[in-house]
Amino acid sequence: MNKPLSGNPQKAPTKNWANKKEFVILHHQQKSFMNAIKNAVKEQRIENDMRILELLSQTFPNIGAASTEIINLEAILNLPKGTEHFMADIHGEYEAFLHILKNASGNIKRKVKELFGNNMRESEIRELCSLIYYPEQKLEYIKAAEEDLDDFYNIRLHQLVEICQTVSSKYTRSKVRKVLPREFAYIIEELLHESLSDNDKQAYFNRIIETIILTGCAENFIIALCNVIQRLSVDQLHILGDIYDRGPGAHIIMDTLCHHHNFDIQWGNHDALWMGAAAGNDCCIANVLRLSLRYGNMTTLEDGYGINLVPLATFAMETYADDPCDLFGPQLDKDDTTHNEKTRRLIAQMHKAISIIQFKLEADLIDRRPEWKMSDRKLLEFIDFDRHLFRINGQDYVMKDCFFPTVDPANPYKLTAEEADLVKKLHHSFRVSDKLKKHIQCLFSHGCMYGIFNSNLLFHASVPLNADGSLKEVDLNGQRFCGRALLHQIGIIMRSAFNSDTEQAERQFAVDYFWYLWCGADSPLFDKSKMTTFERYFLEAKEMHVEEKGYYYTLRNDEKVCDMILDAFGVEGPHRHIINGHVPVRAAKGENPIKANGKLMVIDGGFAKAYHDTTGIAGYTLIYHSRGFQLVQHEPFTSAEEAIRNGTDIVSSTQIVELSSQRMMVSDTDKGRELEGQIEELKELLYAYRHGIIKERSRK
């Protein structure tokens, strides 16, 4: 009997050559057989994918084109992961938003310090960063003060090119080329791919810089480089809801986002409120107006969207002429100088007028949707007008204000003729605003109720839970959903409000549902027992102001609950997280934004100035680069003018949440998995070309 061949080729038997030859022949036969099976399987897959491959062949018409793209995609997989920037709860504070967007939550300053920290003063670093953030405005100040502009241009151009080389290093030349301004694209590309340490090219490099200055192009070239640095510092922007409300420039933020290169939005409760207003929900319209007036912010309404507030102002002045409306004065900054006493008085009258109209409109919607079980929010009927008390459940409560000239005690929820006419005019104004339509369309085209990116689950507020931590089933128009299915179905309902081919009854439910999303107990965007708007305005008793939070807000501290939610949403990976906004983190009281042993991060931006006294800071943003997560805590922003003039920045402190010893590459990301799928399809196309299944064509 012959002994089997050893696993070590050096110790293989040297005798019995006939048997060895038979073994080799058998081995080749087995290998050929296995290859035949593989080819058969591949050909079967190709046959199944023929329509896809035929379409793919139109872009890559021959072996050369397909091979080149495979090489390109394989190379991209081995680049470092792009930087992701997470922001939430911007609330119309456009100056702070734009500044943090420009400085990438301090990411640009970090890179500048890495490059020049050893040979530049802190003041010089601030000036350089200020130039990168606001190049056009900063150059105006510099030109007025700088004695030797050519020398300044020479120094700054060298520095900016070096920064640009750093931020572009994780991208392909093709991707960088796409973001370069057309007029300077060739020169910038040359500078980006030349090394200052190369003696043979140093004269070439320096001469380019000198010629830029000599031809009078330095200023425009600096602006172009600064914009490229901003653009390449962040690869993807995530907005976790609440762009609207409180601050004066939600429309400016939306304009910026509509032109942003790569962003997504997870809708917040205030976004849903404005979407409902745009859809024609009168309750949402009233709430939008009430909140805008409460914070003295008519800029977004009037200048941003052209909403005509004259009818409301006229009605309020006539109806509440004898009412001081003390409870309805706007909540303004302490140093506010833009609103005089007359303006504040008018805002207070308008504020009260729309609030009473809101309570009436909401009562009508509550009656039309009894399945929402919100009849406890109909409160005007409990006012005792004779005794100036609020009486409910056998208990009397002191009213802070009991002057309601438009409320009929016998029929408290009926709109007066003047109120009904006003509602029609306001409804029309919201529905015909082209700018508002454009921005709502942007919210839909880039947004959803939740998002999953690179093992991170993003949603604005909550996922409704039961007391035991299990997913809560919620009724949606007669059907019950929970977890991922609930958020997905809500997204479908919201979109159907704007789809002209949706059946009338379904569309009306969708329009109505925007208001429930704003204040309904089982809304993932609210998730509280009730919204106590009436009580907070009119009742002294603090116990009547309480809004009990849903179970998610307490159970999210439990790592097991977070893991359950991540499993329910199909989020995979060894380092997975939930990232939320919505609830301001009270840092002044020691609250930590990192919860559940690092599984959950709360990044309420705290941009709204109304929150600063509560939180003690101006909130958080999050950076996720190839090395890991960095949570950035911000102090309140002064102004863009201050940042330009004096080089001041938002004072920020960085907390390292999770860093990896090994850089995360594109191959480790969702994009990497997508590229790997494309590579497999291209390999199938190559096989089809080489075996004559699909004919090659010349590239046109």
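Distance check: Lys360 NZ to Asp408 CG gives 8.5 Å after rounding to the nearest 0.5 Å. A distance of 7.5 Å separates CD1 in Ile243 from SG in Cys442, rounded to the nearest 0.5 Å. Note that OG of Ser462 is 8.5 Å distant from CD1 of Ile565, once rounded to the nearest 0.5 Å. The OG atom of Ser433 sits 11.0 Å away from atom NE2 of His428, with the distance rounded to the nearest 0.5 Å. Ser529 contributes atom OG, which lies 11.5 Å from atom NZ of Lys549 (distance to the nearest 0.5 angstrom).
The nearest pair of heavy atoms linking Ile285 to His427 is CD1-CA, 3.8 Å. When all heavy atoms of Asn454 and Asp670 are compared, the pair lying nearest together is N-OD2, 2.6 Å. Looking at every heavy atom in both residues, Leu240 comes nearest to Ala88 through CB-CB, 3.7 Å. The heavy-atom pair separating Val288 from Ala277 by the smallest distance is CG2-CB, 4.1 Å. Nearest heavy-atom pair across Asn456 and Leu458 is O-CD1, 3.5 Å. Gln266 and Phe453 get closest at one heavy-atom pair: NE2-CE1, 3.9 Å.
Cation-pi geometry between Lys528 and Tyr553 is not met: the NZ or CZ atom fails to fall both under 6.0 Å from the ring centre and inside 45° of the normal.
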Q | Full working for side chain to side chain contact (heavy atoms under 4.5 Å, CB included) between His460 and Leu525 | A | CA-CA 7 Å; His460 176 66; Leu525 299 181; 4.3 Å; yes

**Q.** Intermediate values then yes/no, side chain to side chain contact (heavy atoms under 4.5 Å, CB included), Ile357 and Leu426
**A.** CA-CA 12 Å; Ile357 290 171; Leu426 293 170; over 6 Å; no

Q: Mind running side chain to side chain contact (heavy atoms under 4.5 Å, CB included) on Arg369 and Phe509 for me, showing each step along the way?
A: CA-CA 9 Å; Arg369 299 293 176 188; Phe509 175 82; 3.6 Å; yes

Q. Can you check salt bridge (charged side-chain N to carboxylate O under 4.0 Å, His left out) on Asp668 and Lys81, steps first, answer last?
A. CA-CA 8 Å; Asp668 302 314; Lys81 167 194 172 299; over 6 Å; no

Q: May I have the step-by-step check of side chain to side chain contact (heavy atoms under 4.5 Å, CB included) for Glu547 and Arg536, ending in yes or no?
A: CA-CA 11 Å; Glu547 300 172 350; Arg536 289 172 182 269; 3.6 Å; yes

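Aromatic ring pairs are classed by plane angle as parallel below 30°, tilted from 30° to 60° and perpendicular above 60°; the pair Phe569 and Tyr450 is perpendicular.
Thr300 is listed as a side-chain neighbour of Trp274, based on a closest heavy-atom distance under 4.5 Å. Under the 4.5 Å side-chain criterion, counting only non-hydrogen atoms from C-beta, Ile452 is in contact with Arg484. Using a 4.5 Å heavy-atom cutoff, the side chains of Cys482 and Lys472 are not in contact. Considering only heavy atoms from C-beta on, Phe629 comes within 4.5 Å of Leu622 through its side chain. The side-chain heavy atoms of Gln358 and Asn287, taken from C-beta on, include a pair separated by under 4.5 Å. Put simply, the side chain of Asn269 does not reach to within 4.5 Å of the side chain of Leu517, judged on heavy atoms.
In this structure, the ring of Tyr516 has its center less than 6.0 angstrom from the ring center of Tyr513. Here the two rings, on Phe390 and Phe534, have centers that are under 6.0 Å apart. Aromatic pair Phe538/Phe404: centroids less than 6.0 angstrom apart. In this structure, His439 has its ring center at least 6.0 angstrom away from the ring center of His251. Ring centroids of Trp267 and Phe444 are separated by less than 6.0 Å, placing the two rings close together. Tyr305 has its ring centre no less than 6.0 Å from the ring centre of Phe430.
Screening Phe514, Phe526, Trp518 for a ring-ring contact (aromatic ring centres under 6.0 Å, His included) with His270, the sole residue that qualifies is Trp518. Tested against Ile239 for a side chain to side chain contact (heavy atoms under 4.5 Å, CB included), the candidates Asp264, Asp89, Ile90 yield a single pass: Ile90. With Tyr295 as reference, Gln331 is the one residue of His351, His91, Gln331 to meet the side chain to side chain contact (heavy atoms under 4.5 Å, CB included) rule. A side chain to side chain contact (heavy atoms under 4.5 Å, CB included) with Tyr624 holds for exactly one of His85, Met664, Gln630; it is Met664.
A salt bridge does not link Glu362 to Arg377: none of the charged nitrogens lies less than 4.0 Å from a carboxylate oxygen. Salt bridge Lys424/Asp421: absent, no basic N to carboxylate O contact under 4.0 Å. Between Lys671 and Glu674 a salt bridge is recorded (basic side-chain N to carboxylate O distance below 4.0 Å). The pair Asp567-Arg576 meets the salt-bridge criterion, with a side-chain N (NZ, NE, NH1 or NH2) lying under 4.0 Å from an Asp/Glu carboxylate O. Between Arg368 and Asp512 there is a salt bridge, with a side-chain nitrogen of the basic residue lying less than 4.0 Å from a carboxylate oxygen of the acidic one.
Listed for the Ser496 side chain is no donor-acceptor partner under 3.5 Å among the backbone atoms of Thr502.
Pairs engaging residues 472-493 under the ring-ring contact (aromatic ring centres under 6.0 Å, His included) rule: none recorded [sequence neighbours left out].
Take Asp475 and apply the salt bridge (Lys or Arg N to Asp or Glu O under 4.0 Å) test, not counting sequence neighbours, and it matches no residue. Partners of Glu543 under the side chain to side chain contact (heavy atoms under 4.5 Å, CB included) rule, at least two apart in sequence or in another chain, are Tyr397, Ala541.
Side chains of Asn477 and Glu506: a donor-acceptor N/O pair is absent below 3.5 angstrom, by distance only.
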